[in-house]
Amino acid sequence: MSINRVLNHSTAVLPIIERLKKEVNIDRRYSIMEFCGGHTHSFVRSGLIDLLPANISLVHGPGCPVCVLPSHPVENSIDLLQKHSDVILYTYGDMMRVPTDDGDSLLHARSRGAQVRSLYSPLEAVDYAALHPEVKVVFLAIGFETTIPPTLVALQRAIDLQIGNFFVYCNHLDTAMALRGILERECYNDIEIDGFIGPGHVSLITGAKFFEPFALKYRKPIVISGFTPYDLALSLLMLVQQINHDEARVDVEYKRAVDGAGNVKAQTLMDRFLTRRDSFTWRGLGDMKHSAFKLKDEYAVYDAEVVFSLVNSKNIKSSKGCLCSQVLAGKSKPTSCSLFAGECTPENPQGVCMVSSEGACSAYYLAGRHLRLGEL
Ligand code: SF4
């Protein structure tokens, strides 16, 4: 069944798997982290994860921005909506269903009458603000480098059009600092990672060179991968080859999209508008220095955090029985959670890892792994 699922994607995958089996040294284990949630989904849903040599272990990384975000951005947003009836909050669809530590959500707040709307592009929020000067439009912005440029393009438009009722609640996270945190063993303390499948979408923005200091300093190979089973199988092969030869460099498998320099226009926008926070607390990874962005002081009039006095919290709790923090720290698999596929499903998520389309629990559930728990 797994082979059929992979074959549905490409018959070219199986020869790569055969090469991988020949390349691995049977006397050692290879612990490989796929940083990105999109990679986790492809591994699991295609069935590729079941075809790998037994001595390759995948550690699902923290590359799902909805999952690693603490609760306070949603809690603050709900509080803001309760206190200010003239505020309309826009955010991405996944964020609407994220449960807070107390089981509330933006979706619940909307059912209580709060003005919460989902969007595909932050420009929708700017356009609404332009047409409705009587309300205050707040965009709850989240995500890694991939979603930062759309936020900043929206902010740029608000500035250009002199729209004074549009505000950004900036909760963008910094992939580089998360990677550094993992490599410095601030997190994943008891898991030795031998190499990384680097994030394909983030690298479109940052460029591959961005990761080179990390590979060199920490002596860990990184292969930036595309998202098909073929891409991932080839990336694993490239990583195993580096590990076997004790090499540690950044290779790009996803050459059709990623180059060394990345998106320079996006990087310029980030330099103009953003600065790093002193620290930020990630779910599962804990507090990491400089690991999130905020707007620079000169844009304070557009900063919801400043205008509405929103306070960040370092406390992260999970709903009872939820193992999201352990899943995000690579210490538990989704199937270890007693709520998985019972009380917790994509329709009724009890934790963030089941909410997001990039979450590991969602990947395992949608791949039907709860139907074959006896095999796991
Ligand atoms: Fe949390 Fe649900 Fe995953 Fe369990 S299955 S860890 S409750 S998201």
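Note that ligands are numbered from 1 as they come in the structure, with each ligand's atoms numbered from 1 the same way. Since we're looking at a predicted model, the values are computed, not measured.
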**Message:** Under 2.8 Å from atom 3 (Fe) of ligand 1 - does any N, O or S atom of C353 fall there?
**Reply:**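 Coordinating: no.
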Numbered atoms of ligand 1 (with element) below 4.0 Å of [X], judged on heavy atoms:
X: M354; result: 8 (S)
X: G351; result: 1 (Fe), 8 (S)
X: C344; result: 2 (Fe), 5 (S), 7 (S), 8 (S)
X: F340; result: 5 (S)

Minimum-distance protein heavy atom relative to [atom]:
atom: atom 8 (S) of ligand 1; result: C324 SG, 3.4 Å
atom: atom 4 (Fe) of ligand 1; result: C337 SG, 2.3 Å
atom: atom 3 (Fe) of ligand 1; result: C361 SG, 2.3 Å
atom: atom 6 (S) of ligand 1; result: L323 N, 3.2 Å

**Request:** Give a yes/no answer: is there an N/O/S atom of C322 under 2.8 Å from atom 2 (Fe) of ligand 1?
**Result:**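 It does not: C322 brings no N, O or S atom closer than 2.8 Å to atom 2 (Fe) of ligand 1.
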**Prompt:** Taking NZ, NE, NH1 and NH2 as the nitrogens, is one of them in E192 or K220 under 4.0 Å from a carboxylate oxygen of the other?
**Reply:**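 Result for this pair is yes, salt bridge flagged.
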**Request:** State whether R157 and D127 are salt-bridged, where the test is any N-O pair (Lys NZ or Arg NE/NH1/NH2 against Asp/Glu carboxylate O) under 4.0 Å.
**Result:**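 Salt bridge flag = yes for D127 with R157.
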**Prompt:** Are any side-chain N or O atoms of H39 and backbone N or O atoms of S225, one a donor and one an acceptor, separated by less than 3.5 Å?
**Reply:**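 Yes: the side chain of H39 pairs with the backbone of S225.
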**Message:** So does K333 get a backbone contact from the side chain of S336, meaning a donor-acceptor N/O pair under 3.5 Å?
**Reply:**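 Judged by distance alone, yes, a pair lies under 3.5 Å.
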**Ring centre gap for H172 and F273 strictly below 6.0 Å** =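 No: the rings miss the under 6.0 Å criterion.
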**Asked** So, F139 versus Y92, ring centres under 6.0 angstrom or not?
**Response**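 Yes, close enough.
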**Message:** Check for me whether R117 meets the cation-pi criterion with Y128, that is, NZ or CZ under 6.0 Å from the six-membered ring centre and within 45 degrees of the ring axis.
**Reply:**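 Judged by the rule, R117 and Y128 form a cation-pi pair.
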**Message:** Is any side-chain heavy atom of I243 closer than 4.5 Å to one of R28?
**Reply:**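 The answer is yes, as the side chains (C-beta and beyond) meet within the 4.5 Å cut-off.
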**Message:** With the threshold set at under 4.0 angstrom, would you say P334 reaches ligand 1 through any of its heavy atoms?
**Reply:**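 It does not, in that no heavy atom of P334 comes within the 4.0 Å cut-off of ligand 1.
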